[in-house]
Colleague: 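Handing you a structure now.
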Number of protein chains: 2
Amino acid sequence: MAGPSVPATFLLKDELDIVIPTIRNLDFLEMWRPFFQPYHLIIVQDGDPSKTINVPEGFDYELYNRNDINRILGPKASCISFKDSACRCFGYMVSKKKYIYTIDDDCFVAKDPSGKDINALQQHITNLLCPSTPLFFNTLYDPYRDGADFVRGYPFSMREGAKTAVSHGLWLNVPDYDAPTQLVKPLERNTRFVDAVMTIPKGTLFPMCGMNLAFDRELIGPAMYFGLMGDGQPIGRYDDMWAGWCVKVICDHLGLGVKTGLPYIYHSKASNPFVNLKKEYKGIFWQEECIPFFQNATLPKDCTTVQNCYIELSKQVKEKLGKVDEYFVKLADAMVTWIEAWDELNGTPAAAANGSA
Amino acid sequence: MAGPSVPATFLLKDELDIVIPTIRNLDFLEMWRPFFQPYHLIIVQDGDPSKTINVPEGFDYELYNRNDINRILGPKASCISFKDSACRCFGYMVSKKKYIYTIDDDCFVAKDPSGKDINALQQHITNLLCPSTPLFFNTLYDPYRDGADFVRGYPFSMREGAKTAVSHGLWLNVPDYDAPTQLVKPLERNTRFVDAVMTIPKGTLFPMCGMNLAFDRELIGPAMYFGLMGDGQPIGRYDDMWAGWCVKVICDHLGLGVKTGLPYIYHSKASNPFVNLKKEYKGIFWQEECIPFFQNATLPKDCTTVQNCYIELSKQVKEKLGKVDEYFVKLADAMVTWIEAWDELNGTPAAAANGSA
């Protein structure tokens, strides 16, 4: 009974780009070669632009450093973070492909419980090509997977599902913890392989991690802005969280789906919790204000494109979160700049994304 | 950082009852002996009361047949279904324990991927004694499990969680499919062991199956009414679904949590899909009306007990679903009768359940 059948777990090179933010040589790509080499890489070099980043032979890539970003965006480059992996969103903007996969350079190929290498990219593609089920919870998880379906009591009118805009993958080994949790549990490692993909229900926010993330750029790209972090900003490590809150509110409004679960990558090294605490310090307070704000945010019905939704959200950010700290006024302005830059690089705004039929 | 630590995965005999609806000898208990024998069983015999149900030696139990139900409840026995496993809710009413576990008599002990027998009851107890996280999604699933925690970006103010009212377990082998899906996929078996427990977010409904279900009777008992099904009624096989919709709306209102996932039981035999289709026929249409009704149902703030919430919900059912079919008018009346009978057997209404602190 699972609605659309989903044979394709493969995309052509002209359908997907892999975006990697980095400050170092990309030796980690060696391990990913069998899975990534068929695709084009967009490398966003962070920090000192005079440094040379080595990319292993045989990969097809373009590389942008800070000078490139400044040259391409001019004054609008101010919306792209510096000295923070938030700079990766520049790669989303310059891509011309339908799908994006972004991964951190300390993430390696994980193994499934049988010991087999996990092709994370393939699982993301499957997730994105299968519908989501945001309106009602299916207790056997993704009903479109082999061997699964909608359970008794799942309304038939909702089984067509919604278009999937985002696929959020997880991490074995070092989990994505905040600095306080890292400090308290320095040795905790994630060894639990949960064999599930699920839709995050409509109306529910989640902490979106940018370490292992894929999305449909045509459906949700302009909302994937990773904010103002790092150099000159009062916070870091909230870039992907910010994007996740905005993206989820807009997906819910437009009837699009967000999935989480498989695939796992192997996250090799915990970042320094003391450095992280400094970066996160203000964010830990601010998220207590931001999350209720996003939980209660509603968008007017006439916002039918991602761009419209995002501009509307920026106004609400300025009005409501601007009271929490001056930073959010600056961020709201940067959200507008981001959309202007996106539209400048991508031509006329994308057609309205209307979600499920 | 996981808030309350949860050492206890054990309950005393005076804290939990196991409720089993049946029409046959309970040979299936042999397999459960190591796990169930320490507890008291409440057996609700369905169908012909003159038939004798054999219970294996050594179990401590009480058994109620239709004559007992009629004698104990008098005219209010009309709210308890006949010739449908919905009759099990009578067992919830006569129990005096804090926790209930209910299981079908065609459910056996499942094995985990290492081949070890799964103590389903123990996992349910763990689920019920651990808090839930209904207000925000944790991507590493239950943050209170060993080796897991709240991920980066999870607001600290929400890490205390909410009291857990319901633990919904799953099924290996024969999945809980509706008749149309059974007809289309007669051979589909669930072999995927998903090693996860998760909270169903606030505001999201789910299809609650009564086959392998535990709950906190003090927190949510009066809402666990399995409706009017079977003999003399136009539908069957929607008893647990009905309870699940009501329970979830009330848990959301009272700030209580609902979990799903582990534990698995082994469901041995699919029921006859042709018989099921006849029972489900009207429900398949009606659920298309019921689910939007429950998705939009709101309860007034002054409803602070489960009983108040349930009576209020019965009024809304009569008013709104009564237009769909006369059956819902009868069901709404039975909901009131159920609460009257519950209070009669259990003394004054339970104190207000206020959920998390």
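So you know, we letter chains A, B, ... as the sequences are listed, proteins then strands, and number each from 1.
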Colleague: Determine whether more than 12 heavy atoms belonging to other residues, nucleotides or ligands lie under 6.0 Å from atom OH of B/Tyr281.
Modeller: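 No, because the 6.0 Å sphere around OH of B/Tyr281 holds 12 heavy atoms or fewer from other groups.
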Colleague: Go through the atoms of B/Met198 and report whether side chain, backbone, both or neither lie under 4.5 Å from a heavy atom of chain A.
Modeller: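 Contact with chain A: side chain only.
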Colleague: Using a 6.0 Å cut-off, check whether atom NZ of A/Lys202 has over 12 heavy atoms from anything other than its own residue.
Modeller: no
Colleague: Output yes when B/Asp178 and A/Arg159 qualify as a salt bridge under the 4.0 Å nitrogen-oxygen rule, no when they do not.
Modeller: yes
Colleague: Taking all non-hydrogen atoms of both residues, which atom of B/Phe136 and which atom of A/Phe206 are closest, and how far apart?
Modeller: CZ-C, 3.9 Å
Colleague: Mark yes or no for whether B/Arg152, through its side chain, and A/Met241, through its backbone, hold a donor-acceptor pair below 3.5 Å.
Modeller: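 Not at all, since once roles are kept as given, no pair shorter than 3.5 Å links the two residues.
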Colleague: Examine distances only and state if a side-chain atom of B/Glu288 and a backbone atom of A/Phe156 form a donor-acceptor pair shorter than 3.5 Å.
Modeller: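 Yes, because the side chain of B/Glu288 sits within donor-acceptor range (under 3.5 Å) of the backbone of A/Phe156.
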Colleague: For A/Leu183, is it the side chain, the backbone, both, or neither that has a heavy atom closer than 4.5 Å to a heavy atom of chain B?
Modeller: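 No part of it gets close to chain B.
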Colleague: Heavy atoms, side chains only, cut-off 4.5 Å: are B/Trp171 and A/Val151 in contact?
Modeller: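 Touching, per the 4.5 Å side-chain cut-off.
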Colleague: Any heavy-atom pair between the side chains of A/Phe150 and B/Thr181 that's under 4.5 Å?
Modeller: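 No - every pair of side-chain heavy atoms lies 4.5 Å or more apart.
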Colleague: Distance-only, no hydrogens or angles: does the A/Arg192 side chain make a donor-acceptor pair with backbone N or O of B/Asp146 under 3.5 Å?
Modeller: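 A pair under 3.5 Å: yes.
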Colleague: Give a yes or no on whether B/Phe193 atom CZ has more than 12 heavy-atom contacts from other residues, nucleotides or ligands under 6.0 Å away.
Modeller: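 It does: B/Phe193 CZ has more than 12 such atoms within range.
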Colleague: Below 4.5 Å, heavy-atom pairs only: which of A/Asn190, A/Leu170, A/Thr260, A/Leu135 has the largest tally toward chain B?
Modeller: A/Leu170
Colleague: Quick check for you: to the nearest 0.5 Å, what is the distance between B/Tyr154 atom OH and A/Tyr177 atom OH?
Modeller: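 Going from the OH atom of B/Tyr154 to the OH atom of A/Tyr177 covers 13.5 Å.
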Colleague: So which residue, B/Glu280, B/Met208, B/Gln295, ends up with the most heavy-atom pairs under 4.5 Å with chain A?
Modeller: B/Gln295
Colleague: Would you say B/Tyr266 has more than 12 foreign heavy atoms packed within less than 6.0 Å of its OH?
Modeller: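 For B/Tyr266, atom OH is not crowded (no more than 12 foreign heavy atoms under 6.0 Å).
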Colleague: In terms of heavy-atom pairs under 4.5 Å with chain B, which of A/Thr204, A/Leu205, A/Asn138 leads?
Modeller: A/Leu205
Colleague: Checking B/Asp240 against chain A: side chain, backbone, both or neither under 4.5 Å from a heavy atom?
Modeller: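 Contact with chain A involves the side chain of B/Asp240 alone.
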Colleague: Given heavy-atom pairs under 4.5 angstrom as the criterion, report whether the side chain, backbone, both or neither of B/Cys290 touches chain A.
Modeller: neither
Colleague: Could you tell me which of A/Gly203, A/Ala196, A/Ser157, A/Pro175 has the largest number of non-hydrogen atom pairs under 4.5 Å with chain B?
Modeller: A/Ser157
Colleague: Specify which of B/Cys209, B/Pro207, B/Gly261 makes the most heavy-atom pairs with chain A at under 4.5 Å.
Modeller: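 The candidate making the most pairs under 4.5 Å is B/Pro207.
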Colleague: Quick check on side chain to side chain contact (heavy atoms under 4.5 Å, CB included): which of A/Val197, A/Val194, A/Leu140 does B/Val194 satisfy it with?
Modeller: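 Result for side chain to side chain contact (heavy atoms under 4.5 Å, CB included) with B/Val194: A/Val194.
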Colleague: Verify, without hydrogens or angle tests, whether A/Lys185 (side chain) and B/Gly147 (backbone) share a donor-acceptor contact under 3.5 angstrom.
Modeller: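 Not a single qualifying donor-acceptor pair exists.
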Colleague: Could you tell me which of A/Asp176, A/Thr191, A/Ile200, A/Ile284 has the largest number of non-hydrogen atom pairs under 4.5 Å with chain B?
Modeller: A/Asp176
Colleague: Relative to chain B, which segment of A/Arg189 carries a heavy atom at a distance below 4.5 Å: side chain, backbone, both, or neither?
Modeller: backbone
